[in-house]
Amino acid sequence: MSWNDSVTEPTRRPTRSTYIPPYLRTTASNNTTPFGSQTDFSSGPRFSAPNRGRGHGGGRGRWGQNRQFHDRPTNANPFDLVEKFDELEVVEDGNVGQGINFDAYEDIPVETSGSDIPPAVNTFAEIDLGKALNENIRRCKYVRPTPVQRHAIPIALAGRDLMACAQTGSGKTAAFCFPIISGIMRNPKSMSVPVWGGRGGGGVAYPLALILSPTRELSCQIHEEAKKFSYQTGVKIVVAYGGAPISQQLRNLEKGVDILVATPGRLVDMIERERVSLRMIKYLALDEADRMLDMGFEPQIRRIVEQMGMPRPGPRQTMLFSATFPTEIQRLASDFLSNYIFLAVGRVGSSTDLIAQKVEYVQEMDKRNYLMSLLHAQSANGAYGKHALTLVFVETKRGADALEHWLCMNGFPATAIHGDKVQMERERALKSFKTGVTPLLVATDVAARGLDIPHVAHVINFDLPKDIDDYVHRIGRTGRAGKSGLATAFFSDKNMPLAKSLVELMVEAKQEVPPWLTQYAESSSTYGSSGRGRRYGGGKFGGRDYRNSSQYNSGDDYNYTQYADSYAVSDSYAAATSSAFPYDATPNSAYYAGGGIDSNAVGSRGYNFDQEGIVASGWE
DNA sequence: AAAAAAC
């Protein structure tokens, strides 16, 4: 595949003066890496420096003059810093030489629609991502692309817009990062050089790629991942999010930025301060795109994408990733896309077989005592501590504080994370949880999506969420890295509206449903269930391209009529999901649950991907 | 109705 052809003429950012080729950019710390002291000047692309451009960035700031490569900040080796790396080594050592049955990939249902869809690849070797990126893939111990990567990367490398449906944990960060990094390296002339900043002076940074995510911690995580992928590529990644001093983030921007990872608020702030311009954005990725486009976020995202100088769809390549794409969200999202390809990998919105889901009927007033006995039983089993973390979700920030306090008063090493805490507390809580210092974390939905926290053995929905998709995201924090997980929900009278979809989800995941819950589900479904308070109408777990629904029916290979009918007769989760994949609509079919190559499903099929390091390296 | 996201 000659995606090379699709690469556009190199563009130069408006205000720049000194060009530093990539192979000079990353040499400063080469000798300190554990991956050899090679300073392989031949590995970088050779090209001549472009003409110097006169700065015209709105009169603000200038690019550096004659900045030498040794002036650049030392490039810390992310493979050293990320603690996951140690786990990778352990995992690998313990499992050397085991065969992997990659035929299992073939069973994953995949739906693509759109025009001229580039074929999927089976190996990274089939894709020319470049030497540096291939090295990083090796360092990350990604042996084979995950299913979403197999499909999404060729699509993205072909320059196509993409709406991709794959559950968190299916390797989507890499799926959009690899093509972005590769694309930027293919246009070396456009790569950043440091902004001449000076104290308070402030230049304008012109990132080529923008990755937006809904929470600060998720942006940090993406940044950490992306740094690993871009190691020694010369591609510079900067993260910007609120709650942290803006000064340091601005300084980071001044050192040069190709890819900006950000939360929306801080990004808008920086744009308004004229410290960031979106004028040169070539790649836009929205992680957790359905969340980014829900009621709370949509106006802000629309403003960023449509009203702050970003190039239009077409000149800009846009990639949306999410576990779920409700029809209504797809409709909104299509404003940002041009001739896009829709991709759904795995059973969309489904949870995984290896997460055992329990639902207990617990009255509000009994919840604390019930939690206490649960935790006592847990610690008696030894299922507790550094490698058996318990994540407790509550509905409100106040509730999180109260429960944290109560747990601590009762001798449990708990901490809490929610949006009313200052960022430092949030980060401290997360770290303390991750490291097992406080193996109990009470959290609001701030921690529900995307976060990759190894060793979460138990997710407790102390308060159930209102929406079943939030439930799916929450329980997806456990059962990772091939380990089994447990999810316990406290179901109270307040949760009656959730009964139906919860039962359907559990049936789908082959979980034992308590009879009382089935009864609730049936009684709640007798009235108002179909077409009622579903935020986005039918197809909430839209694993299907909305363009293929009736009014868009252009007649390709799907049976749209049947699909539409299934929504008409049943507004159910099961109907939505089982109709998502025409290849195998059998409810009990053993394809990977949860989108992509979910480690749990893999494990349940008897394949252990840990040995390849794929699972343990963090897929979010 | 809550949560998230700027200062």
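Numbered from 1 within each chain, the chains take letters A, B, ... in sequence-line order. Any value given below was found using the heavy atoms of this structure, including those in side chains, with hydrogens, waters and symmetry copies removed.
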Quick one: do the Ser219(A) and Thr263(A) side chains pair a donor with an acceptor below 3.5 Å?
-> no
Under-4.0 Å side-chain N/O to phosphate OP1/OP2 contact, Arg426(A) with dA5(B) | yes
Would you classify Gly296(A) as touching base, sugar-phosphate or nothing, given that sugar-phosphate means primed atoms plus P, OP1 and OP2, and contacts are heavy atoms under 4.0 Å?
-> base
Round to a whole Å and report the spacing from CG of Asp470(A) to C1' of dA2(B).
-> 10 Å
Write down the distance between CE (Met308(A)) and P (dA6(B)), rounded to a whole number of angstrom.
-> 13 Å
Give Lys466(A) one of three labels, base, sugar-phosphate or nothing, depending on what nucleic acid heavy atoms sit under 4.0 Å from its own.
-> base
Atom CG of Leu267(A) and atom P of dA6(B): how far apart are they, to the nearest Å?
-> 9 Å
Please state how far atom CG in Asp420(A) lies from atom P in dA2(B), giving the value in whole angstrom units.
-> 12 Å
Provide, to the nearest angstrom, the distance between the CD atom belonging to Gln300(A) and the P atom belonging to dA3(B).
-> 18 Å
From the candidates dA6(B), dA5(B), dA3(B), the one with an atom nearest any side-chain atom of Thr444(A) is dA3(B)
Tyr471(A) side chain to Ser501(A) side chain, donor-acceptor N/O pair below 3.5 angstrom | no
Glu395(A) side chain: which of dA2(B), dA5(B), dA6(B) is closest?
-> dA2(B)
Under 4.0 Å between a side-chain N or O of Arg291(A) and OP1 or OP2 of dA4(B)?
-> no
Tell me: CD1 of Ile271(A) to P of dA6(B), nearest whole Å?
-> 12 Å
Pick base, sugar-phosphate or nothing for Val268(A), based on heavy-atom distances below 4.0 Å to the nucleic acid.
-> nothing
Where at least one partner belongs to residues 270-316 of chain A, residue pairs that pass ring-ring contact (aromatic ring centres under 6.0 Å, His included), sequence neighbours excluded | none
Arg302(A): partners by salt bridge (Lys or Arg N to Asp or Glu O under 4.0 Å), with sequence neighbours left out = Glu298(A), Glu306(A), Asp335(A)
Donor-acceptor contact below 3.5 Å, side chain Asn410(A) vs main chain Trp406(A) | yes
Length of the CD1-C1' vector between Ile304(A) and dA4(B), whole Å | 13 Å
Atom CD1 of Ile417(A) to atom C1' of dA4(B): distance rounded to whole Å?
-> 12 Å
Go through dA6(B), dA3(B), dA5(B) for me and flag the one nearest to the Thr396(A) side chain.
-> dA3(B)
